[in-house]
Amino acid sequence: MILAVISQIPYGRVATYGQIAKLAGLAKHARLVGKVLSQLDEGTDLPWYRVINAQGKLSLNKLDAKGQNTQQLRLSQEGIFVNQGKVNLKQYQWDGWS
DNA sequence: ACTCTGACGGAAT
DNA sequence: GATTCCGCCAGAG
């Protein structure tokens with residue numbers, strides 16, 4: 001389920017954990033969603049980087065050699081502006097409309 | 001069975 | 001905003 005929902009997040013949009021959970025049928029299991037994502041491997045096709053917490057903040061904030069973290073990088077590549085490790089949900093959050 | 005921990009959420013202060 | 005508290009699930013020890 002969870003993976004299915006995430007794979008449905010449209011380009012240039014982001015979704016929150018709770019949102020994913022709800023759409024997947026798991027109302028209060030936001031945490032489980034994060035759990036699942038943490039199990040994903042690097043070569044996954046899922047746009048996991050479009051998944052952020054309800055506060056618009058990126059999840060794993062681990063920096064790479066370039067001083068950037070993969071998530072922020074990939075997001076900006078899709079036109080999503082990330083400020084101070086945060087995203088304007090009002091502007092980018094996926095409505096679940098597609 | 002119990003305690004901790006974790007890519008979380010929401011409400012209250 | 002920043003903190004604090006509580007709820008919730010699953011895995012490890």
Side-chain angles (χ1 to χ4, degrees):
Chain A
M1 289 285 110
I2 300 179
L3 302 179
V5 177
I6 297 177
S7 63
Q8 289 165 39
I9 304 176
Y11 178 91
R13 289 290 183 63
V14 297
T16 66
Y17 291 89
Q19 201 178 354
I20 300 294
K22 186 159 41 172
L23 291 176
L26 309 165
K28 312 258 179 155
H29 304 63
R31 220 160 182 161
L32 181 57
V33 176
K35 197 78 166 167
V36 173
L37 290 187
S38 67
Q39 320 293 289
L40 294 176
D41 39 86
E42 312 171 4
T44 187
D45 307 319
L46 294 171
W48 60 271
Y49 47 82
R50 291 180 189 156
V51 184
I52 57 185
N53 60 18
Q55 293 154 31
K57 297 184 262 171
L58 302 185
S59 354
L60 292 176
N61 211 31
K62 190 168 177 60
L63 305 175
D64 61 12
K66 307 184 191 63
Q68 290 289 295
N69 77 326
T70 313
Q71 182 161 30
Q72 173 172 341
L73 185 60
R74 304 212 55 173
L75 287 175
S76 15
Q77 287 181 352
E78 297 195 351
I80 300 176
F81 182 66
V82 182
N83 185 3
Q84 324 293 172
K86 291 184 280 187
V87 177
N88 187 318
L89 290 177
K90 281 305 206 177
Q91 182 177 3
Y92 298 111
Q93 186 171 191
W94 177 38
D95 304 16
W97 187 71
S98 114

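Just the heavy atoms: all of them, side chains too, but no hydrogens, waters or symmetry mates, feed the values below. This structure is a prediction, so every number in the text was calculated from the model and none was measured. Quick note on labels: first sequence line is chain A, next is B, and so on, each numbered from 1.
Rounded to an integer number of Å, the gap from CG of N69(A) to C1' of dA7(B) is 12 Å. To the nearest angstrom, P of dA7(B) lies 19 Å from NE2 of H29(A). One interatomic measurement links the two molecules: CD1 of I2(A) to C1' of dC8(B), which rounds to 12 Å at whole-angstrom precision. Rounded to a whole Å, the NZ atom of K35(A) is 12 Å from the C1' atom of dC8(B). In this structure, Q39(A) places its CD atom 13 Å from P of dC8(B), rounding to the nearest Å. For Q19(A) and dG10(B), the CD to P distance is 10 Å, given to the nearest whole Å. The separation between L32(A) atom CG and dG6(B) atom C1' is 12 Å, rounded to whole Å. Summarising the geometry, the separation between CG on L26(A) and C1' on dC8(B) is reported as 13 Å, rounded to the nearest angstrom.
When only modelled atom types and interatomic distance are considered, K57(A) and Q55(A) share a side-chain donor-acceptor pair under 3.5 Å.
DNA chain B lies under 4.0 Å from at least one heavy atom of each of the following residues of residues 40-59 of chain A: W48(A), N53(A), A54(A), S59(A).
Formation of a donor-acceptor pair under 3.5 Å by the Y92(A) side chain with backbone atoms of F81(A) is found in this model. A donor-acceptor pair under 3.5 Å is formed between the side chain of Q71(A) and the backbone N or O of V51(A).
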What donor-acceptor contacts under 3.5 angstrom involve side-chain atoms of residues 1-22 of chain A, with partners at least two apart or in another chain?
residue : atom : partner : partner atom : Å
S7(A)   : OG   : L3(A)   : O            : 3.3
S7(A)   : OG   : A4(A)   : O            : 2.4
Q8(A)   : NE2  : A4(A)   : O            : 3.2
T16(A)  : OG1  : Q19(A)  : N            : 3.2
Y17(A)  : OH   : S59(A)  : OG           : 2.9
Q19(A)  : OE1  : T16(A)  : N            : 3.1
Q19(A)  : NE2  : W94(A)  : O            : 2.3

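Across all non-hydrogen atoms, the minimal contact from L60(A) to N69(A) is O-ND2, 3.1 Å.
One distance of note links CD of Q93(A) with CG of D95(A); it measures 7.5 Å at 0.5 Å rounding. A distance of 10.0 Å separates CD in Q77(A) from OG1 in T70(A), rounded to the nearest 0.5 Å.
Along DNA chain C, read 5' to 3', the first and last nucleotides having any atom under 4.0 Å from a heavy atom of chain A are dG7(C) to dA10(C).
Looking at heavy-atom distances under 4.0 Å, L37(A) makes contact with a base.
Residues I52(A) and L40(A) share a single hydrophobic cluster, defined by chaining ILVMFWY side chains whose heavy atoms lie under 4.5 Å apart.
Comparing dA7(B) with dG7(C), their P atoms are spaced 22 Å from each other, to the whole Å. Nucleotides dG6(B) and dC8(C) place their C1' atoms 12 Å apart, quoted to the nearest Å.
The number of heavy atoms from other shown groups lying within 6.0 Å of CD (Q39(A)) is above 12.
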